[in-house]
*Asks:* 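Before we start, here is the structure in question, set down as structure tokens.
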Amino acid sequence: MRKLIWTNISIWSMLGAVLLLAAPGFASVFYDYKKIAATGENGITAIQPGVSVNAQGRVAFQATKDGRDNVFVSEGTAAVDLRNITANPTSARLFNGGVQINDNNQVISRDRIGTALGPEFRLRIWDSNLTTGAFISTLVTCGGSFGSCLTVLPNPSLSNGSSPLFAANIGFLSGGIYVCKDLLCPIGGAGPFGSGQFKAPLIATSGDFVIRNGDTATSPISVIKTGTTFDIAFSGLGWTALGAKPGISDDGSVVAFAGNRGSGEGVFTSIQWGPNYGDRTTVRVAGEGLTVGFPDLGADLVVGNARYFSQVSIDERIGVTRHVAEASDPTGLKETIVVSFLATPNLKSPTNSYISGLVFSDQLALWTRRIDVMDWNSSMPLLFNEVALTGSLKLVYHYPIPVAQVGEKILIGPEELLISGLVVHDPLSTDKIGRNDSVGNPMTKRPGDHFVVFMAQSGTSQVILRADHQSACILFVQRLAQGGNVADDPVDWQGERLDTHLRWLEPPVGTQGTIGKRGCVLTAFTMQMNYAAEHSGIRLLSNPGFMNDVLKGVPGAFSIGIDYDDPGADLKRDVAAEEYVKSQLKPMAPGDPKVAGIMFDETVKYSTSPAAQLYLKDMLCNSGLPIEIRVKGSDGTDYAHSVLVTGTVNDRFIIVDPGHRDRSSLSGPPYDGKYRTKGVITDPPNKSKVIVSIGSNADIDVSNDQGLHTNAGQAGIPLSVYDTDLGVDEESTAPQVPTIMRYVSIKQPQNAQYTIVIKGLRAGPFKLEVAIIEPDGTVQPRIIFDGTATAGSTQSLQLKVDTAISGNSTLTSTPSISGDLDGDSDIDKNDIAVILAAKGTAASGPNDPRDIDKDGKITILDARKLSTMCTRLNCATQ
């Protein structure tokens with residue numbers, strides 16, 4: 001199995017689309033939302049649609065407040081956080097036509113005022129770091145009495161340089177409309193153009209700017225670079241339509257645009273991969289309908305209906321950012337590209353599987369998609385979400401994330417905003433300020449972190465919203481429903497029963513043992529294995545019903561506590577992993593030792609320990625592994641239900657819950673951040689392990705030959721875990737007696753002798769199971785020891801561990817004194833008390849040690865006979 005890294009997205013996110021919650025739903029958990037401004041608040045009566053955001057998260061916009069037009073900036077950090085930076089003294093001067101704020105907090109804006117000689121336009125730069133009304137310079141004044149300069153059209157752009165360059169559409173009497181990058185226009189600019197087209201240039205810090213270079217829908221997408229025009233896309237390459245508002249990265253190396261090249265509307269990037277500007281490749285970002293390969297938004301798990309972008313708003317702004325990775329990045333990441341666009345899916349999400357936190361409908365939405373440029377050895381096959389860029393570089397596609405959707409809600413504190421319309425202008429910027437955790441400590445910045453700003457219609461209000469991308473680390477694991485044919489999850493996997501549970505075979509057959517009731521562990525495990533398989537490059541999709549069928553005939557796949565009053569059962573994940581590999585992975589990748597080595601690596605930590613949170617973040621962010629955890633069951637029993645942790649957003653852990661599709665976070669009710677970790681599917685170099693398990697009637701203590709013990713109170717043996725598994729009916733909220741399995745797991749055990757002491761908890765039979773896993777992941781034949789427990793009884797076993805291939809591990813019972821019922825190597829009053837406690841009951845069988853006279857009953861005669869066998873005078877205890 002390939003090393004799973006957080007920068008890679010699971011193909012299961014591409015095969016299985018996301019859940020649509022009961023409409024209207026809420027926006028994605030991958031963004032935090034801040035309200036910047038709204039009409040009807042703080043004296044604002046109108047907002048212009050040209051809104052911009054910079055890398056500090058500062059938003060600039062034009063609005064009418066108290067009857068006057070002005071330019072405002074805000075970070076949305078307080079209920080009223082608006083700064084008027086233009087201080088317009090008159091209602092006659094109008095600010096409209098869009099703004100752009102650069103990373104130095106400078107704002108470019110056009111304003112207009114009527115004069116006797118006609119409208120006069122000014123293009124000015126304002127410094128939002130200074131006090132109200134502090135402008136840096138007037139770039140251009142046109143119209144009115146200003147000669148040959150007639151007009152400044154909307155949508156000016158400003159670079160990030162210390163002496164910023166601008167790009168704007170300026171009309172001249174002598175030659176029509178030009179896009180100028182400085183006051184020497186049209187030198188180094190583009191044009192002339194017809195006045196009927198409102199150009200929307202964007203300028204990079206390098207001084208390069210991008211436009212659709214002409215008046216028609218097939219005019220080329222061009223970058224003007226030091227007076228030279230580079231056409232990125234044009235009709236001669238098969239483009240039948242090209243969008244009016246392309247985007248450019250800050251360094252000018254990546255151009256993003258919308259268009260149609262014959263397969264439907266789509267979004268594309270032209271990426272410079274070499275030292276020369278002409279070393280470029282154009283790749284699809286999203287759209288083009290149902291393209292060859294996997295659709296952008298996945299497919300219904302059961303029905304197979306593809307989800308894709310049926311419509312892209314090609315004439316709206318396409319935003320793009322580029323983040324260059326550290327040269328020493330261990331994952332091979334070279335750069336991260338994020339693209340924003342407006343598009344509409346052909347269908348809403350299916351209801352039977354989804355990616356936790358991602359919600360989409362079939363309405364217009366503002367989306368972002370991340371693409372990573374990574375090192376690639378061309379001899380290695382590409383995964384399903386990867387595309388070759390060059391012979392040594394590949395593109396890794398992440399799942400498209402909806403930022404805001406028409407018909408959906410955005411939650412800002414207690415306020416819910418129902419979105420009815422969306423407008424973008426300069427929507428995307430890198431995030432250079434980062435995030436703090438819940439106690440104010442700065443968090444690690446991640447490639448691709450960004451801000452998105454947009455204007456939304458909500459009821460009768462216009463609202464400016466900033467969405468802060470919370471990447472931290474997200475693994476796009478496809479959620480599978482535990483099912484049960486209930487309203488929450490209608491899929492019941494053909495009514496599958498977990499036939500390994502004894503009670504569930506009793507009449508009425510199947511009523512207590514469906515996957516929907518008790519299959520959370522099986523479903524969580526299936527999700528983990530699917531994710532692991534994809535990262536081994538194997539196209540494979542399993543579901544809980546299929547997995548159950550595979551494991552039904554596998555001895556030892558499920559452990560069974562033979563306790564007729566309270567049967568315990570749990571998936572033996574190590575055996576299940578081996579069977580999964582043998583039956584599903586190996587035939588597709590014969591002889592691949594990486595695939596053959598997949599196994600469940602258990603680590604138990606509780607949320608009450610600071611180490612637990614560190615473990616979750618390390619597995620998610622550094623190893624790229626989804627983690628099974630145990631949380632509160634439906635009846636309130638702690639650690640009785642399994643879910644997967646698939647990401648972290650600041651201090652919030654994102655989950656996929658097989659039993660409840662509307663639960664996407666570990667925070668808040670009913671889980672309230674309380675959990676116990678179970679482990680991950682991984683491929684460590686040494687997979688050897690010993691697992692000792694027992695049912696409800698007894699407990700176990702395991703010690704090694706150095707005298708170190710692992711039991712309910714301690715984990716003294718290195719790399720060992722003591723834990724219990726509980727199971728409850730997830731379809732019932734009634735109080736239940738949970739099934740219990742107790743076990744000790746030791747990773748990389750010594751090839752030596754261990755002592756196992758079985759401690760009786762109550763009267764009844766027990767089955768002790770020992771699994772030995774060899775270093776390559778092969779599971780040796782199970783060792784099983786049956787016996788009978790009584791309250792307070794003990795029994796000692798010697799386990800010889802041999803983890804070598806086809807090793808000879810053995811389990812033998814330690815010789816004991818006949819009549820020593822409590823296992824302390826003597827016979828005294830304590831042993832007599834064991835018999836008296838069971839007086840009047842039938843013996844458990846012919847080998848019941850309490851039946852001294854072997855008459856099939858536990859009576860006072862057995863106690864009297866045992867008293868004659870005491871090893872001390874008067875049966876004294878020691």
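Model, not experiment: these values are computed from the prediction.
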*Asks:* Gly97 and Pro156: which non-hydrogen atoms are nearest, and at how many Å?
*Replies:* O-CD, 3.9 Å

*Asks:* To the nearest 0.5 angstrom, please state how far the CD atom of Glu386 sits from the CH2 atom of Trp376.
*Replies:* 9.0 Å

*Asks:* Which atoms form the tightest heavy-atom contact between Asn160 and Asp103, and what is the distance?
*Replies:* OD1-N, 2.7 Å

*Asks:* Give the intermediate values and the outcome of side chain to side chain contact (heavy atoms under 4.5 Å, CB included) for residues Ile108 and Val99.
*Replies:* CA-CA 6 Å; Ile108 190 170; Val99 299; 5.8 Å; no

*Asks:* Run the numbers on Asp251 and Thr205 for side chain to side chain contact (heavy atoms under 4.5 Å, CB included), then give the verdict.
*Replies:* CA-CA 6 Å; Asp251 65 354; Thr205 298; over 6 Å; no

*Asks:* Between CG of Asp362 and OG1 of Thr344, what distance do you get to the nearest 0.5 Å?
*Replies:* 9.0 Å

*Asks:* Is there a donor-acceptor pair under 3.5 Å between the side chain of Arg466 and the backbone N or O of Val53?
*Replies:* no

*Asks:* Let me know which of Leu202, Val179, Ile248 forms a side chain to side chain contact (heavy atoms under 4.5 Å, CB included) with Phe209.
*Replies:* Val179

*Asks:* By side-chain hydrogen bond (donor to acceptor under 3.5 Å, both in side chains), which residues pair with Glu415, not counting sequence neighbours?
*Replies:* Lys35

*Asks:* Quick check: closest heavy atoms across Arg370 and Thr336, and the distance to 0.1 Å?
*Replies:* NE-CG2, 3.5 Å

*Asks:* Just verifying a value: how many Å separate Phe61 CZ and Ser52 OG, rounded to the nearest 0.5 Å?
*Replies:* 12.0 Å

*Asks:* Thr282 side chain to Ile271 main-chain N or O, any donor-acceptor pair under 3.5 Å?
*Replies:* no

*Asks:* Which pair of heavy atoms, one from Phe72 and one from Ala63, lies closest together, and at what distance?
*Replies:* CE1-O, 3.6 Å

*Asks:* Would the distance check show the side chain of Tyr277 and the main-chain N or O of Gly252 forming a donor-acceptor pair, the cut-off being under 3.5 Å?
*Replies:* yes

*Asks:* If only atom types and distance count, is the side chain of Asp231 paired as donor or acceptor with the main-chain N or O of Phe234 below 3.5 Å?
*Replies:* no

*Asks:* Applying side chain to side chain contact (heavy atoms under 4.5 Å, CB included), run through Val59 and Ser74 and close with a yes or a no.
*Replies:* CA-CA 5 Å; Val59 176; Ser74 172; 5.5 Å; no

*Asks:* Please work out which of the three classes, parallel, tilted or perpendicular, describes the rings of Phe341 and Trp367, given edges at 30° and 60°.
*Replies:* parallel

*Asks:* Is a donor from one side chain sitting under 3.5 angstrom from an acceptor on the other, for Ser429 and Asn54?
*Replies:* no

*Asks:* So, using side-chain contact (heavy atoms from CB on, under 4.5 Å) as the criterion, who are the partners of Asn260 when residues are at least two apart?
*Replies:* Thr240, Ala241, Glu265

*Asks:* Checking side-chain polar atoms at under 3.5 Å, does Ser128 have a donor or acceptor matched by the opposite partner on Arg58?
*Replies:* yes

*Asks:* What I want to find out is whether Asp32 reaches Lys34 closely enough, with some N-O distance under 4.0 Å, to be called a salt bridge.
*Replies:* no

*Asks:* So, does Asp296 use its side chain to make a donor-acceptor pair with the main chain of Gly287 at under 3.5 Å?
*Replies:* yes

*Asks:* List for me each residue that meets salt bridge (Lys or Arg N to Asp or Glu O under 4.0 Å) alongside Asp315, sequence neighbours excluded, and say none if there are none.
*Replies:* Arg212

*Asks:* Taking all non-hydrogen atoms of both residues, which atom of Thr269 and which atom of Ala256 are closest, and how far apart?
*Replies:* CG2-CB, 4.1 Å

*Asks:* Indicate yes or no: does Lys225 engage Asp208 in a salt bridge with an N to O separation below 4.0 Å.
*Replies:* yes

*Asks:* Taking all non-hydrogen atoms of both residues into account, name the closest pair between Leu333 and Pro447 and its distance.
*Replies:* CD2-CG, 3.8 Å

*Asks:* Is it true that Arg261 and Glu288 make a salt bridge, defined as a side-chain N closer than 4.0 Å to a carboxylate O?
*Replies:* yes

*Asks:* Run the side chain to side chain contact (heavy atoms under 4.5 Å, CB included) test on Leu465 and Ile36 for me, step by step, so that the C-alpha distance in whole Å, both residues' side-chain angles and the decisive distance to 0.1 Å come before the verdict.
*Replies:* CA-CA 6 Å; Leu465 296 170; Ile36 301 298; over 6 Å; no

*Asks:* Is the backbone of Arg369 close enough, under 3.5 Å, to the side chain of Tyr399 for a donor and an acceptor to pair up by distance?
*Replies:* no

*Asks:* With a 3.5 Å cut-off and no angle check, do the side chains of Thr216 and Ser219 form a donor-acceptor pair?
*Replies:* yes

